[in-house]
Amino acid sequence: MKIGIIICDRYRECAGGKCFRAAHHRAGAFSRYPADEPLEIVGYTTCGGCPGGNVEYTPEEMLKNGAEAIHLATGFLVGYPPCPSLGYFKEFIETRYGVPVVIGTHPIPEHYLRAHGALPSRDAVRAHPELMGSPESRLAYE
């Protein structure tokens, strides 16, 4: 399986450690891929900053590199506030490029749940149970 990852521009200096580790261990949103099959990341970039102009054309390059799915990184959900364009990005990419889009990459860090547990933004995260993981996995992605 070949995938592309688009991250929120708020984290543009992120080296991708949590995403790449989760892909290697098939944690979080990567748990959908069989552990005994190769998983290759063929593209990694930011959305380009609000309102997400990079989302319009970067999937095309990822597809040229063989991407079979595109992940919108967990940071779109755990940034505060959660990205208001996330649903639109998913719909646009799937409609324009005909490739499945997965919301999330690595498990939600435990400190996020502690900090945001009483806020409405927690509902966006809880809508993606594969990102919730166990308390141990959330601690592993601190």
Side-chain angles (χ1 to χ4, degrees), residues 1-35 37-117 119-142:
M1 182 70 171
K2 294 181 179 185
I3 63 163
I5 298 174
I6 300 175
I7 68 170
C8 175
D9 195 66
R10 290 180 281 193
Y11 307 109
R12 66 183 158 272
E13 295 180 14
C14 178
K18 290 177 183 156
C19 291
F20 290 102
R21 184 165 29 117
H24 177 75
H25 293 290
R26 300 301 196 276
F30 300 114
S31 63
R32 70 188 60 232
Y33 305 116
E37 294 181 16
L39 181 62
E40 181 181 352
I41 298 170
V42 297
Y44 182 87
T45 190
T46 75
C47 65
C50 295
N54 225 15
V55 171
E56 188 168 351
Y57 63 89
T58 57
E60 184 173 2
E61 183 161 338
M62 292 176 180
L63 290 172
K64 286 179 183 177
N65 290 338
E68 300 166 84
I70 294 176
H71 283 250
L72 298 175
T74 299
F76 282 106
L77 288 171
V78 299
Y80 192 80
C83 176
S85 300
L86 186 59
Y88 183 80
F89 292 165
K90 177 178 174 27
E91 181 181 359
F92 174 80
I93 294 168
E94 289 179 339
T95 301
R96 169 70 174 89
Y97 293 103
V99 63
V101 173
V102 178
I103 302 294
T105 49
H106 62 79
I108 302 296
E110 182 65 27
H111 72 271
Y112 174 85
L113 287 181
R114 285 194 307 268
H116 298 267
L119 298 173
S121 59
R122 74 182 180 287
D123 295 336
V125 173
R126 293 184 195 279
H128 302 280
E130 70 279 10
L131 300 178
M132 294 297 291
S134 66
E136 295 79 21
S137 70
R138 292 192 302 270
L139 285 170
Y141 286 87
E142 285 289 292

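Here the structure is a predicted model, which is why all the values come from computation and not from measurement.
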Any chance you could lay out the side chain to side chain contact (heavy atoms under 4.5 Å, CB included) test for Ile6 and Asn54, step after step, and finish with the verdict? CA-CA 9 Å; Ile6 300 175; Asn54 225 15; over 6 Å; no
Could you list all the ring pair (Phe, Tyr, Trp, His ring centres under 6.0 Å) pairs where at least one residue sits in residues 7-26, not counting sequence neighbours?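 Output for this query lists Phe20-Tyr44.
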Mind listing the closest non-hydrogen atom pair of Val78 and Tyr112 along with its distance?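 For Val78 versus Tyr112, the nearest heavy atoms are O-CE1, 3.0 Å.
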Show the nearest heavy-atom pair for residues Tyr97 and Tyr57, with the distance to one decimal.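 Of all heavy-atom pairs spanning Tyr97 and Tyr57, the closest is OH-CA, 3.6 Å.
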Among all residues two or more places apart in sequence or in another chain, which pass the side-chain contact (heavy atoms from CB on, under 4.5 Å) test with [X]?
{"X": "Glu91", "result": "Thr95"}
{"X": "Glu68", "result": "Met1, Lys2"}
{"X": "Ala67", "result": "Val42, Met62, Leu63"}
{"X": "Pro34", "result": "Asp36, Glu37"}

Is there side-chain contact between [X] and [Y], with heavy atoms separated by less than 4.5 Å?
{"X": "Cys83", "Y": "Cys8", "answer": "no"}
{"X": "Thr74", "Y": "Lys18", "answer": "no"}
{"X": "Leu39", "Y": "Arg26", "answer": "yes"}

For Tyr33, give me all partners under ring pair (Phe, Tyr, Trp, His ring centres under 6.0 Å), at least two apart in sequence or on another chain.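 Tyr33 satisfies ring pair (Phe, Tyr, Trp, His ring centres under 6.0 Å) with His71 only.
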Please evaluate residues Ile108 and Tyr141 with respect to the criterion side chain to side chain contact (heavy atoms under 4.5 Å, CB included), reporting the C-alpha separation (whole Å), side-chain torsions for both, the decisive distance (0.1 Å), and the verdict. CA-CA 7 Å; Ile108 302 296; Tyr141 286 87; over 6 Å; no
How long is the gap from CG on Leu77 to CD1 on Ile103, to the nearest 0.5 Å?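 The distance works out to 6.5 Å.
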